[in-house]
2 protein chains.
Amino acid sequence: MERDAAELVQAIGLLLRRIRAAAASHELSLTEYAVLSRLDKQGPLTAADLARAEGVRPQSMGTTVAALEEMRLVERAPHATDGRQMNIALTAKGLSLRRAMKSAKHTWLAQALAQLGRKEQETLFAAGEIIARLARM
Amino acid sequence: MERDAAELVQAIGLLLRRIRAAAASHELSLTEYAVLSRLDKQGPLTAADLARAEGVRPQSMGTTVAALEEMRLVERAPHATDGRQMNIALTAKGLSLRRAMKSAKHTWLAQALAQLGRKEQETLFAAGEIIARLARM
DNA sequence: TATTGTTATACTCTATAACTATA
DNA sequence: TATAGTTATAGAGTATAACAATA
């Protein structure tokens, strides 16, 4: 196979649609998944913070947060000093879902990853970092 | 950063939205891009073939092919023996666009890739193969 | 009866635009 | 004036369902 961008695009497309299909059957969408894990790692954040981190518009993040709130996975609390801001934090339910996802039992992606060899996993995580950098170029 | 699936999902999400933004400004969508490169590598295919290869439904591929046809990048011709099938092939314009994309001058992704070191590129392509396999698990 | 393709319709995700409230 | 958030609306991409033509 030739070494050009199309190869990556094809792979990304396949994975994307696979994730989307999983989301349709009770799992979370890509952005919801990312927000949940970010809140777990970094603690409470505002919607604007999340939008910047995930590369979406604030309005779009508003929709995502509202969906997570509807599922009782996150909750919003007024900011201590700035009346405009709302702090978004994981609920107990959200935290426990996040833990379950990490333990490789909950999502097909985590399961699939667990079946790879250590070397392949390392390649993927290294690529993840490069891709994140690439996406910001 | 922790080594779990969320990291990959975040990176994929960032790249996806970046590609989508590029598509909005005259470049091709993910699937259109993938179809163009597949036709270049494998020669004329039917819509059903393409749908299977890219992991989308035949109806969705029909829409994609129609969009490419509208842009005069592909053309359809009746199958020699099977009256149901339509062979989809690159036009001269489609082929020349595909060549331009490969030469790293045309899309932001190809440009961004070209700026990476050889080792990073190799990591990405290796990951691409793993991801494609993962997506079919 | 199975397969290829088309048409109609709906859903998800994200975008842009316009607005309110607070800083 | 700038920032955080909300609401309304639109677009892209893909899905499901129903159908026609051909094998």
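Proteins come first, then strands; the chains are lettered A, B, ... in the order of their sequence lines, and each starts at number 1.
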**Message:** Rounding to an integer number of Å, can you tell me how far B:Leu50 CG sits from D:dG13 P?
**Reply:** 16 Å
**DNA chain C contacts made by residues 66-78 of chain A, counting heavy atoms under 4.0 Å** = none
**Item:** A:Arg98 side-chain N/O to A:Leu36 backbone N/O, donor-acceptor pair under 3.5 Å
**Value:** no
**Asked** Out of curiosity, does B:Val35 fall in the hydrophobic cluster containing B:Leu97 (side-chain heavy atoms, cut-off under 4.5 Å, transitive links)?
**Response** yes
**Fill in**
Separation of C:dT12 atom C1' from A:Leu28 atom CG, nearest Å, is 14 Å
**Asked** Over how many whole Å does the gap from A:Arg18 atom CZ to D:dA15 atom C1' extend?
**Response** 16 Å
**Prompt:** Where do B:Leu39 and B:Leu45 come nearest, in terms of heavy atoms and distance?
**Reply:** CD2-N, 3.9 Å
**Rounded interatomic separation in angstrom, taking CE from B:Met61 and C1' from C:dT4** = 14 Å
**Prompt:** Between D:dG13 atom P and B:Glu27 atom CD, what is the distance in whole Å?
**Reply:** 13 Å
**Message:** Between B:Arg18 and A:Met137 (side chain of the first, backbone of the second, donor and acceptor by atom type, cut-off under 3.5 Å), is there such a pair?
**Reply:** yes
**Counterpart residues, salt bridge (Lys or Arg N to Asp or Glu O under 4.0 Å), relative to A:Glu32 (two or more places apart)** = none
**Message:** Tell me every residue that passes salt bridge (Lys or Arg N to Asp or Glu O under 4.0 Å) with A:Glu54, counting only those two or more places apart in sequence or in another chain.
**Reply:** A:Arg38
**Asked** Rounded to whole angstrom units, what separation is found between the CD atom of B:Glu54 and the P atom of D:dA15?
**Response** 12 Å
**Complete:** In 5'-to-3' order, the base (B), backbone-only (S) or no-contact (-) status of each nucleotide in nucleotides 14-23 of chain C, using a 4.0 angstrom heavy-atom cut-off, is BBBB---BBS
Under 3.5 Å, which donor-acceptor pairs link side chains of residues 68-75 of chain B to any protein atom two or more places apart or in another chain?
unit_1: B:Glu69; atom_1: OE1; unit_2: B:Arg76; atom_2: NE; d: 3.2
unit_1: B:Glu69; atom_1: OE2; unit_2: B:Arg76; atom_2: NE; d: 3.4

**Message:** In whole Å, I'd like the distance from the CZ atom of B:Arg52 to the P atom of C:dT4.
**Reply:** 5 Å
**Request:** Report the residues that fulfil salt bridge (Lys or Arg N to Asp or Glu O under 4.0 Å) with A:Arg84, sequence neighbours left out, ordered by chain and then residue number.
**Result:** A:Asp82
